[in-house]
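Notes follow the structure.
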2 protein chains.
Amino acid sequence: MTTADRLSLLLAEDDPALGPLIAELLEPDYRVRLAVNGQEALHLGLTQPWDVMVIDRGLPVMDGISVIAALRTKGIATPILVLTALGATNEKVRGLDAGANDYVAKPFDAGELAARLRALTRTFPSPAGPVSIGTWEFDPASRSVRSAYGDLVTLAAKEAELLEALAAEPARVFTRDELLAAHFQSTDQPGVIDTYVHHLRRKISRTVIRTVHGVGYQIGDAS
Amino acid sequence: MTTADRLSLLLAEDDPALGPLIAELLEPDYRVRLAVNGQEALHLGLTQPWDVMVIDRGLPVMDGISVIAALRTKGIATPILVLTALGATNEKVRGLDAGANDYVAKPFDAGELAARLRALTRTFPSPAGPVSIGTWEFDPASRSVRSAYGDLVTLAAKEAELLEALAAEPARVFTRDELLAAHFQSTDQPGVIDTYVHHLRRKISRTVIRTVHGVGYQIGDAS
DNA sequence: CACCTTCTTAAGCCTTTCTTAAGGGCGCCG
DNA sequence: CGGCGCCCTTAAGAAAGGCTTAAGAAGGTG
């Protein structure tokens, strides 16, 4: 999920008739990039970030299952839906176990495909309630942070966005570029992040956000 | 994922014959709890943590789709697979959009159900996955080591690289040249390794890394 | 329109990390 | 037990990265 725009979708389908058809079908909801063989799909999958992938099982050069296995081996965790002419259960099992997240047999129903893609890309609206960050409680709605002692601090919009992004995945370390791309204007330079981190640390606590030298920032861990 | 044990699975199925049958089918791989109506399923879903849920569409008291919607509203993000007698595409779409992650129509194939559940519960060996080293936990992503007592130590990039390399093959003894070639500039001299080993021993523990005299280093084994 | 908050940029200073080097200590082998 | 390597430890300069500050721009409000 890179922008507020449509989600990016990598479609790997070699059938010259079906490929563009599916692409057109999905275009209203996704930014579709069509790959016509397995190698191309693998390359695109590895070199660019995607929100979701739809991969045909039978692809030239390198078959779909191999592409998926290769992507997974490289640590790509993007949701993948396998599209296939083969409806046999055995094939489904193999595809899913190779690392696919869903499996749709051709001929498929456009509505079902769309629904399954929605299910794969759905991100649950973080429970609107307050999020606890260490000993603090952060309420995105009111953009305020309450300490264990009851002190209330209100944050500016950007400050809150940054904190929310970091808190969404406490275990993850975010690079400045990631945070920048997701929450600030693309013209901004990475240094902006430093400034806001400083603001948050001053307003809340030095330990809310942890620096990972040479990498980026992470929500401050307990202890 | 609560323990190293089987995953916990909440099964909501009212058919007195089918429920226990499915439960038995899944028992080898999951700790199954059977709920026989929607209300019970909702209550269990809200009050206990589950690794995955299998919910029948048509449940007494409260239908499956409503249960899912209610769970999602409360912020429960557990993967849910809908099981149903209704194979109509329309029904599938509605189920998925209510918050289900997958949809299997009865009669279903046991192998496919199992594969789809595996796909739902699969956690990718995220490159960020913490590695346990003796009594410590090393998280390459945040480059931090946590002791059994909870103390957190952050490592510099090179320190982390070295530790990660050693931890990748605990049984193996690495020579300085191997480590050097893989993780440092080729111009560096073997002595660099010694320095970083010293850093790690000081930061974590004298016993993290074991010296094999005349050969190189190895991850400090339990002993 | 004046005032205030928020956003963005930029520059200098400070801290951490990397790399090299040298002296002392220790283990292994004869 | 003595000698010879090998290993441990310390330290310090250089480089890279992060922190802090400050000030102008932009936007919103009374």
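These figures come from a predicted structure and were not determined experimentally. Proteins get letters first, then strands, A, B, ... in listed order; numbering begins at 1 in each.
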Measure from [atom1] on [X] to [atom2] on [N] and round the result to the nearest Å.
X         : N       : atom1 : atom2 : value
Lys203(B) : dC18(C) : NZ    : C1'   : 12 Å
Leu162(B) : dT17(C) : CG    : P     : 15 Å
Leu200(B) : dC18(C) : CG    : C1'   : 14 Å
Ile209(B) : dC7(D)  : CD1   : P     : 14 Å
Leu180(A) : dC7(C)  : CG    : C1'   : 13 Å
His183(B) : dT19(C) : NE2   : C1'   : 18 Å
Tyr196(B) : dT17(C) : OH    : C1'   : 6 Å

Under 3.5 Å: donor-acceptor pair, side chain of Arg116(B), backbone of Tyr103(A) |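 Answer holds: yes.
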Between CG on residue Leu83(A) and CD1 on residue Ile55(A), distance to nearest 0.5 Å |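 One finds 10.5 Å between CG of Leu83(A) and CD1 of Ile55(A).
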Candidate nucleotides dC18(C), dT8(C), dT20(C), ranked by approach to the side chain of Ala156(B) - the nearest |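 The answer is dC18(C).
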So, [X] and [Y], do they make that salt bridge, N to O below 4.0 Å?
X         : Y         : value
Glu159(B) : Arg202(B) : no
Asp51(A)  : Arg31(A)  : no
Asp56(A)  : Lys106(A) : yes

Which atom pair, heavy atoms only, marks the closest approach of Ala41(B) to Val67(B)?
->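 Closest pair (atom of Ala41(B), atom of Val67(B), distance): CB-CG1, 4.3 Å.
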Annotated protein contacts, base or backbone, on nucleotides 18-30 of chain D with a non-hydrogen cut-off under 4.0 Å, one of B, S, - each | SSBB---------
